[in-house]
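Note that the structure is predicted; figures quoted are calculated from it, not measured. Every chain is numbered from 1, with letters handed out A, B, ... down the list of sequences.
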Amino acid sequence: MLHPMGWDSFGLPAELYAVKTGQHPRKTTETNIANFTRQIRSLGFSYDWTREVATTDPGYFRWTQWIFLQIYNAWYNPATRKAESIDTLTYPSELETEDQRRAYRDGKRLAFVSEAPVNWCPELGTVLANEEVIDGKSEVGGFPVIRKPMRQWMLRITAFAERLLEDLNLLDWTDSLKEMQRNWIGRSEGAQVDFRAETSGAILTVFTTRPDTLFGATYLVLSPEHRLVDTLTAGTNRAGVKAYQQAAAGRSDLERTELSKEKTGVFTGSYAINPVNGQRIPIWIADYVLASYGTGAIMAVPAHDERDLEFAEKFDLPILQVVQPPDASKPWRGFCDEGTAVNSSGPDLSLDGLPTAEAKHRISAWLDSRGLGKRTLNYKLRDWLFSRQRYWGEPFPILWRTDAAGNRYHEALPAASLPVMPPTLEDYKPTTDGQPPLARATDWVTLPDGAVRETNTMPQWAGSCWYYLRYLDARNPSSFVGGAVESYWMGTSTSGATPGVDLYVGGTEHAVLHLLYARFWHKVLFDLGHVTTPEPFFKLVNQGLILGEDGVKMSKSRGNVVNPDDVLHEFGADAFRLYEMFMGPLQEVKPWNTRGVEGVYRFLGRVWRLFVDEGSETEYEQNALVDAAAESRWVSEIRLDSRVLDIAPTPAQLKTLHGCIRKVTEDLEALRFNTAISAMMMFVNEAMTWPTRPVSVFRTFLQLLAPFAPHIAEELWEKLHPAGAVPSLGYAAWPVFDPALLVEDTLEIAVQVNGKLRDVIRVPAAATPADLETAALAAEKAKPFLEGKTIKKVIVVPRKLVNIAVA
RNA sequence: GCGGAUGUGGCGAAAUGGCAGACGCAGGGGACUUAAAAUCCCCUGACCGCAAGGUCGUGUGGGUUCGAGUCCCACCAUCCGCACCA
């Protein structure tokens, strides 16, 4: 069992807090880690602190940088569907110079530099990944985000889209979480179709999931950022197109979606030819077409697409039916589902009368045979924007140089030079001219040979992409994780073990961030032979959020935050732990209720009184009051209750105990802590009524209690072993229940008439179904319901119930 | 709009298709106490009834079944995620 704890301590929140308090992030991070450690320790969690890691520790981020180098020095080979060393890349023969081959190689790496529109958050002064933008605002802080072309580091996660999708099937995750990832990856099958521009002859490729509607395409739409917009714009339309492009560029994502109710766009003044029928159709640009999805251009089929219809109606473009709904009473206008092709005949091809699926097939084959298009897969997933203009993150192990032709190119630092430490800065805010903070350290940036360092840093997700691997071998100085250690813990050296982390408990907020990024890194490491499982986390459970007492998410601004320190001070760690587990199912969202803590606190009081002598308890309370300094001595003088004796338990006592062992054991396995606790409450409620309290029974009970309330369990365990030389309760083997002790000699059988409970009878456990039937028919309280009725059928469920069906 | 989850007492919740509401909170009554707190005992889904007992009851409406909180269909509500993804 490996149960470690660590700190994901790089990132924006830590940096923002540091800026706010005017301290260095390393200082505030250390202070916070110390405080969290204190709180966690006071709760008595059994973490293995010898494996503690912090992602901000140079001994840790050295290996984060090392993994980045593995990604940087790899490419995705579509033939093998795997990441491979960049050395296996073959070059097209037309690349003659080393500079040309270098440019080609850099374009293939899994870590690459790209000049593309990115999410820029002016308030935070940094770019953000797609996953970090929620409703057009930054995930951290909630500030507006705009699109801006910038030169940034990207990781080629899109190459793994299909495998990230497929391998979800290997995992024991909830359906909802898997669905979130599937939706985020957003696979869709369709076709690319080439349209030829009428005057320039330029080829315009569009992506569509409905190639069967090609005959209904009455215009094309390009995104404002599409690279062919300039060449396609006719003279008189130039000013309007430019203005539209500029307006779209300056608009935030939020504005873009808020304004989505109203479609906007401009005509370029030029036309394209529909390859299927030679029709001349206008080319428009509009921001409802996204540059970053598909080809950044669409064929509009207003009859059978909601958005195209809205646009066509607004700009008075032709709407042509090409699909007949199966339900003829439904209007064809705006019908987007599958039906039958109509009005779809051209000189070389007719789809008329074909069902949608077949029409898709036919047209795809036709386009393919003419070289006009091909079947394609598209994903919503975008490449991972991996650089940030921040101080508090891992510096890239990358240098920039200039070649003979004056082109800047990048180069990896050797692994031996890791870690690349961030420079010491007085001011770690971004520069006023928009340069990352690291650019302030001019001595650090420029090397003696003229090379300059990359001044961006990695995003906060980098460190958390692989921490579970570092836990396995946290102090290894020569490798990110030792090979034998990795295969032992990840389960590939033992047959039957689940591959990867056996149980990962975490919140849903990581669904399309950390959990996606970590899977991607893991797959790269797997392909390159550094780890032995294709997936990092086998079983994943999302714990539910604990809301404030008012049923709303806890927040400082609402003032409904419960501070664990206060709860601990008033009720102790055991009551706090017990309550959190007793509240309800682990996965459920549920509100905090301090009364509930009092409830489990009372339960712990009853446990205590089950063991200790009341008189000595009173003495302790009085003595501890006048002499608080010697409290621990007075505690040790509390005596056991005189009924707690080393005597043989009665069969009834053993039965109660073993029933409890069974329930607690099974519930723990299934993470049903709430019902396990309720079983222990029932045990205690009954044990309170016993005239004798056999030590052996209570020792076992304490073992059951220990994982929930370790402090009180350990204290009482010690009292039950007066000799002193007893190992801690934590090392005692978990009790095993004896099924033989749970056998009942008589059973309670429910007697139903027409499914309604009428009586409960007691029968010997050995009673046969026939015995049960006889006894049930004779049941006193059931009789009135049988009188004067015909018995149609008697259903006997052995050991449970008898149902008499009457007419 | 799309995807997912959840709907059970005053509240948190239990219940391999087989006695709905275990366990706990809150509430009511009682014991102990000069008194209070703590503790212990009893009651507590709704309605009818003096009682015995009965009727109804797991978001709504259907269905399958000897029997449905549980399975199937439709709908409603709430929460979470995604959202102009062609």
Side-chain angles (χ1 to χ4, degrees), chain A residues 134-136 174-184 186-188 190 206-210 213 217 221 223 256-257 259-261 263-264 286-290 292-301 304-308 310-311 336 378-382 508-509 511-512 542 544-545 547 551 578-579 582-585 587-600 602-603 605-606 609 614 621 672 674-682 684-685 688 748-760 781 784 792-797 799-806:
Chain A
I134 295 163
D135 293 335
T174 60
D175 288 341
S176 79
L177 193 62
K178 286 184 181 181
E179 274 307 307
M180 275 193 223
Q181 290 214 345
R182 287 195 189 107
N183 288 343
W184 190 262
R187 179 187 199 269
S188 69
V206 304
F207 173 73
T208 176
T209 54
R210 292 297 298 269
T213 61
V221 188
S223 68
R256 241 171 124 141
T257 45
L259 296 171
S260 73
K261 288 147 208 153
K263 290 275 180 294
T264 59
D287 69 357
Y288 82 92
V289 173
L290 308 176
S292 51
Y293 183 76
T295 62
I298 62 154
M299 63 178 213
V301 184
H304 308 294
D305 182 282
E306 255 181 74
R307 299 148 300 184
D308 296 343
E310 203 188 317
F311 192 83
C336 307
N378 246 315
Y379 301 92
K380 286 189 209 170
L381 186 70
R382 310 292 149 86
T508 41
E509 70 272 19
V512 292
N542 287 127
L545 197 66
L547 307 173
L578 210 54
Y579 173 62
F582 186 59
M583 289 171 85
Q587 300 83 349
E588 228 83 328
V589 178
K590 39 207 179 289
W592 178 268
N593 178 3
T594 300
R595 298 275 194 185
V597 190
E598 287 167 23
V600 294
R602 279 201 277 269
F603 163 68
R606 279 206 301 286
R609 285 191 300 278
E614 212 179 312
E621 275 165 20
R672 289 187 301 250
N674 53 333
T675 47
I677 291 166
S678 119
M680 289 188 286
M681 286 173 167
M682 284 193 273
V684 169
N685 288 346
M688 291 292 265
E748 281 196 343
I749 302 293
V751 179
Q752 296 181 340
V753 178
N754 284 346
K756 283 191 179 166
L757 180 74
R758 295 305 176 184
D759 203 354
V760 176
K781 290 174 187 166
K792 289 195 301 186
K793 196 174 176 184
V794 180
I795 289 97
V796 178
V797 182
R799 306 178 65 82
K800 282 245 165 68
L801 120 175
V802 178
N803 187 12
I804 305 163
V806 298

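For A:Gln752, the side-chain atoms get nearest to B:G18 when compared with the rest of B:G18, B:A13, B:A86. For A:Thr675, taking side-chain heavy atoms from C-beta onward, the closest of the listed nucleotides B:G18, B:A15, B:A86 is B:A15. Set against B:G67, B:G4, B:A86, the side chain of A:Asn803 has B:G67 as its closest nucleotide. You'll find that the side chain of A:Ser678 is closest to B:A22, out of B:A86, B:G4, B:A22. Out of B:G24, B:A14, B:C25, the shortest distance to the side chain of A:Met681 is found at B:G24. When the nucleotides B:G18, B:A26, B:A14 are ranked by their closest atom to the side chain of A:Leu801, B:G18 comes out on top. Among B:C19, B:C84, B:A26, the nucleotide with an atom closest to any side-chain atom of A:Ala750 is B:C19.
Using a 4.0 Å heavy-atom cutoff across all strands shown, A:Val794 reaches no nucleic acid atom at all. Using a 4.0 Å heavy-atom cutoff across all strands shown, A:Glu306 reaches no nucleic acid atom at all. Backbone-only engagement by A:Asn674 is indicated by non-hydrogen atom pairs under 4.0 Å involving sugar-phosphate atoms exclusively.
Taking the ring centre of A:Tyr288 as origin, the terminal cationic atom of A:Lys263 falls inside the region bounded by 6.0 Å and 45° from the ring axis.
Rounding to whole angstrom units, CE of residue A:Met180 and C1' of B:A5 are separated by 9 Å. Rounded to an integer number of Å, the gap from CD1 of A:Ile795 to P of B:U65 is 13 Å.
Separation of the P atoms belonging to B:C43 and B:A52 is 13 Å when rounded to the nearest angstrom. Remark: the separation of the C1' atoms in B:A14 and B:A86 is 49 Å, to the nearest Å. When the C1' atom is used for both B:G12 and B:G27, the distance is 16 Å, rounded to whole Å. Nucleotides B:G29 and B:C79 have their P atoms positioned 38 Å apart, rounded to a whole Å. Separation of the C1' atoms belonging to B:C32 and B:C42 is 15 Å when rounded to the nearest angstrom. When the C1' atom is compared between B:C71 and B:A77, the two are found 23 Å apart, to the nearest whole Å. Rounded to whole Å, the separation between the C1' atoms of B:G28 and B:G81 comes to 45 Å. Comparing the P positions of B:A35 and B:G30 gives an interatomic distance of 14 Å, to the nearest angstrom.
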Review point. Given A:Ile298 and A:Asp305, is the side chain to side chain contact (heavy atoms under 4.5 Å, CB included) satisfied, shown in steps?
Key: CA-CA 12 Å; A:Ile298 62 154; A:Asp305 182 282; over 6 Å; no

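Across A:Val206 and A:Thr295, no two heavy atoms sit closer than the pair CA-OG1, 3.4 Å. Of all heavy-atom pairs between A:Trp592 and A:Val597, the closest is CZ2-CG2, 3.6 Å. In plain terms, the two heavy atoms of A:Trp184 and A:Lys380 that are nearest each other are O-CB, 3.7 Å. Nearest heavy atoms, A:Ser188 versus A:Thr209: OG-CG2, 4.0 Å. For the residue pair A:Asp759 and A:Lys781, the shortest heavy atom distance occurs at OD2-N, 3.3 Å. Considering every non-hydrogen atom in both A:Asn803 and A:Asn754, the closest pair reads OD1-N, 3.5 Å.
With values rounded to the nearest 0.5 angstrom, A:Ile804 atom CD1 is found 13.5 Å from A:Lys792 atom NZ. Note that OH of A:Tyr579 is 11.5 Å distant from CD1 of A:Ile677, once rounded to the nearest 0.5 Å. The line from CZ of A:Arg606 to CE of A:Met681 is 7.0 Å long, rounded to the nearest 0.5 Å. Separating the NE2 atom in A:His304 from the OG1 atom in A:Thr213 is a distance of 7.5 Å, to the nearest 0.5 Å.
B:G63 takes the anti form, because its glycosidic angle lies more than 90° either side of 0.
Between A:Lys178 and the choices A:Arg182, A:Gln181, A:Met180, the side-chain contact (heavy atoms from CB on, under 4.5 Å) rule is met once, by A:Arg182.
For A:Thr508 (side chain) and A:Ala511 (main-chain N/O), no donor-acceptor pair under 3.5 Å exists by modelled atom type.
Residue side chain A:Asn183 does not reach the base of B:C82 through any donor-acceptor N/O pair under 3.5 Å, judged by distance alone. One donor-acceptor pair, N or O on each side, does fall under 3.5 Å between the base of B:C84 and the side chain of A:Lys263.
A sub-4.0 Å separation between OP1 or OP2 of B:A86 and a side-chain N or O of A:Ser188 is present. At the phosphate of B:A86, neither OP1 nor OP2 sits under 4.0 Å from any side-chain N or O atom of A:Tyr288.
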Is there any protein nitrogen or oxygen under 3.5 Å from a nitrogen or oxygen in nucleotides 51-56 of chain B, and what are the pairs?
unit_1: B:U55; atom_1: OP2; unit_2: A:Arg758; atom_2: NH1; d: 3.2
unit_1: B:C56; atom_1: OP2; unit_2: A:Lys756; atom_2: NZ; d: 3.2

Would you list the protein and nucleotides 10-12 of chain B atom pairs, both N or O, that sit under 3.5 Å from each other?
unit_1: B:G12; atom_1: O2'; unit_2: A:Met583; atom_2: O; d: 2.6

Polar atom pairs (N or O), protein with nucleotides 36-42 of chain B, under 3.5 Å:
unit_1: B:U39; atom_1: O3'; unit_2: A:Arg609; atom_2: NH2; d: 3.3

Please list, for nucleotides 68-72 of chain B, all pairs of protein and nucleotide N/O atoms separated by less than 3.5 Å.
none

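Where A:Gly599 and A:Val760 meet RNA chain B, the nucleotide closest to each residue was compared, and A:Val760 sits on the side nearer the 5' end.
Residues that satisfy the salt bridge (charged side-chain N to carboxylate O under 4.0 Å, His left out) test with A:Glu509, not counting sequence neighbours, are absent from this structure.
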Check your understanding: With Watson-Crick and G-U wobble geometry limited to distances under 3.5 Å, how should the secondary structure of RNA chain B be encoded in dot-bracket form, using | for bases paired to another strand and [ ] for crossing pairs?
Key -> (((((((..(((.....[....))).(((((.......))))).((((....))))..(((((..]....))))))))))))....

